[in-house]
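So the structure is just underneath, and the comments pick up after that.
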Amino acid sequence: MANPFAINKEMQDGLSIIHLEGYLDAHTAPQFEAAIQLEIDAGRFQIIVDCAKLTYISSAGLGVFMTFVEEVREQGGDIKICGLAPKVQQVFEILGFSTLYDLCADVPACVQRFADAPVKEF
Amino acid sequence: MANPFAINKEMQDGLSIIHLEGYLDAHTAPQFEAAIQLEIDAGRFQIIVDCAKLTYISSAGLGVFMTFVEEVREQGGDIKICGLAPKVQQVFEILGFSTLYDLCADVPACVQRFADAPVKEF
Amino acid sequence: MDPLERKFTLHVPSSTKNLMMIREFVSNICAQAGLNEADTGKVELSVDEACANVIEHAYSHDTSKEVIIRATFDNKDLRIDVEDTGLGFDPSSIQQAEVERLVAERKSGGLGMRLITSFMDEVRYEFEPGQKNVLHMMKRISKK
Amino acid sequence: MDPLERKFTLHVPSSTKNLMMIREFVSNICAQAGLNEADTGKVELSVDEACANVIEHAYSHDTSKEVIIRATFDNKDLRIDVEDTGLGFDPSSIQQAEVERLVAERKSGGLGMRLITSFMDEVRYEFEPGQKNVLHMMKRISKK
Ligand SMILES: Nc1ncnc2c1ncn2[C@@H]1O[C@H](COP(=O)(O)OP(=O)(O)O)[C@@H](O)[C@H]1O
Ligand SMILES: Nc1ncnc2c1ncn2[C@@H]1O[C@H](COP(=O)(O)OP(=O)(O)O)[C@@H](O)[C@H]1O
């Protein structure tokens, strides 16, 4: 069977880094939602979502980004996204997510982006 | 989509080595059959089938081994098989193929086997 | 049947667990129909969205209900229908809200139909509430 | 429907091209049913063999015909039926030849049914030639 879904979390200099792997669809999105909720509940509002190993995303996965982004920004934080494969990137772009979110090349680029612009302005 | 099927051939000291990859089922077995037929037509009866990258076999694939083995043995040759993954090996064993064919660990072991016993006795 | 037409049908319980298997079904058909990788991804996602909608909106995650996916292709077009027997909806009533507004309102929905209409060449919805609602989707097969 | 029972159906044109998609369908269901990897492999192969027989023997590769696979499981058993409308066969008439004899006679056939009966816990064939022939296969779900 095809690659299922996995989430791994690490902290780096006060930033929460969430690594996604496999398929993020309506079945697995609730796990991702719970992972982000955990950060917010712990008062950690600077979140990097690393999609380097994400092979698929549907609107249910995108919905998770939408649900939380205002809240973390109100707290002076942000959700910054990196490592999008072309197929995944295309979905972000069609829905206008590329103007809404900072999409970076990789984790270091997201870290740098947090230093330069803690909250995305748009 | 899952790993499809591929065949690669090489010659080594007069032995024909056929490397199988992916799925050998009723759909892909005719390709394998044609590859073995080509060897026989060229008068090459010492054939090693390397299954190290074979992920699946059904009876249609096993049928190819059965179709040709007598003919090559009558010509003083053999079909020797190596690199079976446990899942594939199990199918060979259930059908009694492990007494009918020399099943070796890898290509060098098959080469050695051809030196020791050109035709399997049983 | 037109000798060049191929028909496939999949019935699965209405659960998001089955979305992966639905996508694999679709991607196999796309490969046979000769779609390139990019178009295969678009069709896969569109069918996933349509089925996720059936599971959520038509059947409210009642796993005793069935999602039905029918696919046919010839050498020009691939057509996929997703069928449910729920209450249906009036597609013209769906607001095409801007993503910015959805974010401001902390809504996460409303993206699925937008992806489907962007990715497929034709989308048509036929509904008979409680009887049979079908989302018809068509993708033209462009020569690789 | 028993809330613990899950039903899946796949209809595909009668072509060996579709065996891969049939195996993916089966392996997804096995995963959901909780079968371990070894048993999943056995069920996958058995269904492949049954469908290859339908494609070859029932329909002689006529791709306008349809192979139908039905699967259900609860927490004890996984049942898969493979259905055709061909002429059927009398399973008792199939000789269980030794592989050695088949090789000596240069026959390659006769292995499929043997694999199915080795790998499944129950196999039953019901036939009404030209109407509906069904190979019923059952695998018990052993706790991992
Ligand atoms: N199969 C369906 N049955 C009933 N309502 C549906 C169906 N598909 C879509 N809808 C309605 O259309 C709306 C928009 O769907 P969509 O764009 O996919 O966004 P979302 O599902 O995230 O709300 C849904 O909120 C729902 O009201
Ligand atoms: N669905 C079917 N319709 C008609 N005949 C069948 C069917 N399945 C099996 N058979 C008959 O049973 C025989 C044995 O099948 P099998 O053991 O799978 O070997 P093979 O298919 O390689 O001959 C076939 O040769 C065929 O005569």
Side-chain angles (χ1 to χ4, degrees), chain A residues 1-6 22-33 36-37 40 54-75 78-79 81 84-103 119-122, chain C residues 12-28 36-57 59-61 63 67 94 96-120:
Chain A
M1 223 180 31
N3 188 9
F5 180 66
Y23 288 85
L24 184 56
D25 65 5
H27 190 59
T28 56
Q31 293 172 53
F32 177 38
E33 186 163 345
I36 302 258
Q37 188 67 60
I40 292 177
L54 193 70
T55 48
Y56 178 83
I57 193 164
S58 74
S59 71
L62 293 161
V64 177
F65 290 102
M66 286 171 69
T67 310
F68 294 111
V69 72
E70 280 291 276
E71 185 174 354
V72 299
R73 284 176 185 167
E74 281 166 13
Q75 301 288 337
D78 202 1
I79 298 178
I81 302 165
L84 298 180
K87 185 179 142 188
V88 175
Q89 171 119 22
Q90 184 187 32
V91 179
F92 274 81
E93 273 166 15
I94 292 254
L95 296 175
F97 274 53
S98 44
T99 57
L100 264 171
Y101 296 87
D102 277 326
L103 305 182
V119 181
K120 178 168 172 70
E121 297 119 33
F122 63 103
Chain C
V12 296
S14 181
S15 159
T16 55
K17 276 188 193 171
N18 295 319
L19 289 172
M20 185 152 81
M21 134 183 230
I22 291 167
R23 292 194 301 269
E24 287 182 2
F25 170 76
V26 170
S27 95
N28 270 294
N36 59 37
E37 208 186 312
D39 284 349
T40 297
K42 290 176 185 177
V43 175
E44 234 183 279
L45 181 64
S46 300
V47 178
D48 177 316
E49 296 291 345
C51 293
N53 278 346
V54 168
I55 294 164
E56 183 181 356
H57 303 300
Y59 297 141
S60 311
H61 298 272
T63 57
V67 184
I94 295 180
Q96 289 288 342
E98 286 304 302
V99 179
E100 281 81 354
R101 237 202 50 221
L102 292 170
V103 166
E105 294 171 5
R106 294 186 194 186
K107 283 193 191 157
S108 65
L111 303 178
M113 290 301 296
R114 198 173 317 188
L115 283 171
I116 296 172
T117 49
S118 313
F119 280 163
M120 300 300 286

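Any value given below was found using the heavy atoms of this structure, including those in side chains, with hydrogens, waters and symmetry copies removed.
The parts of Glu44(C) that come within reach of chain A are both its backbone and its side chain, each placing non-hydrogen atoms under 4.5 angstrom from that chain. Using a 4.5 Å cut-off between heavy atoms, Tyr56(A) contacts chain C through its side chain alone, with no backbone atom that close. Looking at Phe68(A), neither its backbone nor its side chain comes within 4.5 Å of chain C, counting heavy atoms on both sides. Both the backbone and the side chain of Leu95(A) have a heavy atom closer than 4.5 Å to some heavy atom of chain C.
For Phe25(C), the ring-ring contact (aromatic ring centres under 6.0 Å, His included) test picks out no residue, with sequence neighbours left out. Here Arg114(C) pairs with nothing under the salt bridge (charged side-chain N to carboxylate O under 4.0 Å, His left out) rule; sequence neighbours left out.
Test Val54(C), Leu19(C), Asn18(C) against Val67(C) for side chain to side chain contact (heavy atoms under 4.5 Å, CB included) and you get one pass: Val54(C).
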TODO: Evaluate side chain to side chain donor-acceptor pair (under 3.5 Å) for Gln89(A) paired with Glu93(A), printing each intermediate quantity in order.
DONE: CA-CA 6 Å; Gln89(A) 171 119 22; Glu93(A) 273 166 15; 2.8 Å; yes

